[in-house]
There are 2 protein chains.
Amino acid sequence: MTRSGADLALLLLGGFRALADAGSAELARRGYDKIRPVHDFALRSILAGADTTAELARELGISKQAVIKTVGFLEAEGYVAVEADERDGRRRLYSLTHRGRGLLRTGEQVFNELRDAWAQRIGADQLEAVGDALADLGVRAPAHLDAAGWFSGSSAE
Amino acid sequence: MTRSGADLALLLLGGFRALADAGSAELARRGYDKIRPVHDFALRSILAGADTTAELARELGISKQAVIKTVGFLEAEGYVAVEADERDGRRRLYSLTHRGRGLLRTGEQVFNELRDAWAQRIGADQLEAVGDALADLGVRAPAHLDAAGWFSGSSAE
DNA sequence: TCGATACGTCAACCAGGTTGTCGTAACATG
DNA sequence: CATGTTACGACAACCTGGTTGACGTATCGA
């Protein structure tokens, strides 16, 4: 075994960051500024039906307050529209604007392009094997990427 | 190509987090509490000779102030000893305590065990191929894992 | 010798979370 | 139908882990 466990972990992190940084830079270039993955997550969840504050909080695994702040940003930037629920006076219903849908679409495209660029360099099957290996190990895409505290020992219990 | 680029990115992140979470939980179990990767990075850098605040800041890619806070924690927890530099009155020299060296040693061991457990599940060569693929792609272990703002668009320019 | 530079530190601030509290709306139950 | 319980959304306050800017002091170099 030539690579230490720590090195392997850092390579995985490095791989993610390479994609994430390149992706967010490319998104900015295409007019979607200041976007971070958590925003993409939120938009995706809204689209999937989690269209209220409480529901989004559950879905993303963060507090309602954090949702309010995040959605506030997305609304200010024109990605999300908010309206009152006629049947439940407490609720505020979120939905994606045209721009919001455009971001999701563009984001998907950008990351596929990055994946293809990688596939071209090491071979599509090599790259696929990476994903397969991780999937076989039962690695799940983290449902809620709690950026701060991503390491905080608390994550374990 | 069966997996989207976004999925690939999230699998990489998930893989890292799986290792990091399991590792830090196991470290806590072995008596090294409240340890996050940045602490390991700092200890490693000190051991490698970056034994002053400014040098550590350059090495880790964070501000001197952040170094002061981090090292303050490590000193309080007994991982790092601080002494004055006799030749340069401004400097404070950092060094690892016995406990600090123990942490590094244990950490290495823990992560190797995790790697081995993975190798056992999917085969050592499969796992090695993952690391090789990432290395071939020129992925670097991020020198400074700026936990907060790891996504902040700023990373790109 | 003395200006430029580097070190370490402090205070202030910022981002992105959390918790606790609260008013209000909906619901369920006697 | 009155009322207690629960859920929603919002606010304020706080925490963590960073950053920046200012500063005093030590060293170096022309």
Side-chain angles (χ1 to χ4, degrees), chain A residues 24 33-42 46 49-77 80 82-94 142-155 157, chain B residues 24 33-42 46 49-77 80 82-94 142-155 157:
Chain A
S24 104
D33 218 356
K34 293 184 286 183
I35 288 302
R36 289 173 306 116
V38 64
H39 299 137
D40 190 90
F41 268 61
I46 292 172
D51 56 1
T52 67
T53 302
E55 209 164 345
L56 263 182
R58 277 189 298 267
E59 191 69 25
L60 299 175
I62 60 180
S63 65
K64 288 186 294 179
Q65 184 62 8
V67 168
I68 288 173
K69 291 179 184 177
T70 301
V71 173
F73 167 83
L74 289 172
E75 188 187 1
E77 295 287 318
V80 163
V82 182
E83 58 191 319
D85 186 341
E86 295 172 357
R87 325 164 93 184
D88 186 335
R90 297 167 303 176
R91 288 188 175 161
R92 304 175 61 232
L93 288 182
Y94 303 139
H144 51 104
L145 23 114
D146 41 350
W150 58 336
F151 281 144
S152 57
S154 63
S155 55
E157 45 268 356
Chain B
S24 102
D33 216 356
K34 293 184 288 183
I35 288 302
R36 289 175 306 118
V38 65
H39 299 138
D40 191 89
F41 268 63
I46 292 172
D51 57 359
T52 67
T53 302
E55 208 165 346
L56 217 39
R58 276 189 299 269
E59 192 68 26
L60 299 175
I62 60 180
S63 65
K64 288 187 291 178
Q65 183 64 3
V67 168
I68 288 173
K69 292 180 185 177
T70 301
V71 174
F73 167 83
L74 290 173
E75 189 187 0
E77 296 287 318
V80 162
V82 181
E83 57 190 319
D85 186 339
E86 295 174 356
R87 325 163 94 182
D88 186 335
R90 299 166 302 176
R91 288 188 175 162
R92 304 175 61 232
L93 288 181
Y94 303 140
H144 53 102
L145 22 115
D146 40 350
W150 59 338
F151 281 144
S152 57
S154 63
S155 56
E157 46 269 358

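Chain identifiers are assigned alphabetically (A, B, ...) following the order of the sequence lines, protein sequences preceding nucleic acid strands; residue numbering begins at 1 within each chain. A quick note: this is a predicted structure, and the numbers were derived from the prediction, not measured.
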Using atom [atom1] of [X] as one end and atom [atom2] of [N] as the other, report the distance to the nearest whole Å.
X: A/Lys69; N: C/dA15; atom1: NZ; atom2: C1'; value: 9 Å
X: A/Glu83; N: D/dG9; atom1: CD; atom2: P; value: 13 Å
X: A/Asp85; N: C/dA25; atom1: CG; atom2: P; value: 13 Å
X: A/Ile62; N: C/dT18; atom1: CD1; atom2: P; value: 6 Å
X: B/Arg36; N: D/dT16; atom1: CZ; atom2: P; value: 11 Å
X: A/Glu86; N: C/dA25; atom1: CD; atom2: P; value: 16 Å

* Have a look at A/Leu56 and tell me which of A/Ile62, A/Val67, A/Thr70, A/Ile68 forms a side chain to side chain contact (heavy atoms under 4.5 Å, CB included) with it. => A/Val67

* Upstream residue (5' side of DNA chain C) when A/Ala66 and A/Gly89 are each assigned their closest nucleotide ->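 Looking at DNA chain C, the more 5' nearest nucleotide goes with A/Ala66.
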
* Asked: A/Phe73 versus A/Glu77: any side-chain heavy-atom pair under 4.5 Å?
  ->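 Side chain of A/Phe73 against side chain of A/Glu77, heavy atoms only: contact under 4.5 Å found.
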
* Asked: Which pairs count as side-chain hydrogen bond (donor to acceptor under 3.5 Å, both in side chains) when at least one residue sits in residues 82-93 of chain A, sequence neighbours excluded?
  ->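 Residue pairs with at least one partner in residues 82-93 of chain A: A/Asp88-A/Arg90.
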
* Asked: Say you draw a straight line from NZ of B/Lys34 to OG of B/Ser24; how long is it, rounded to the nearest 0.5 Å?
  ->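 Reported to 0.5 Å precision, the distance equals 13.0 Å.
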
* For nucleotides 6-11 of chain C, read 5' to 3', which letter fits each nucleotide if B means a protein heavy atom sits under 4.0 Å from the base, S means only the sugar-phosphate is that close, and - means neither? -> BBBBBB

* Partners passing salt bridge (Lys or Arg N to Asp or Glu O under 4.0 Å) against B/Asp51 (at least two apart in sequence or in another chain) -> none

* Start with the C-alpha gap between B/Val71 and B/Thr53, add the side-chain angles, then the distance that decides, and say whether side chain to side chain contact (heavy atoms under 4.5 Å, CB included) holds. => CA-CA 9 Å; B/Val71 174; B/Thr53 302; over 6 Å; no

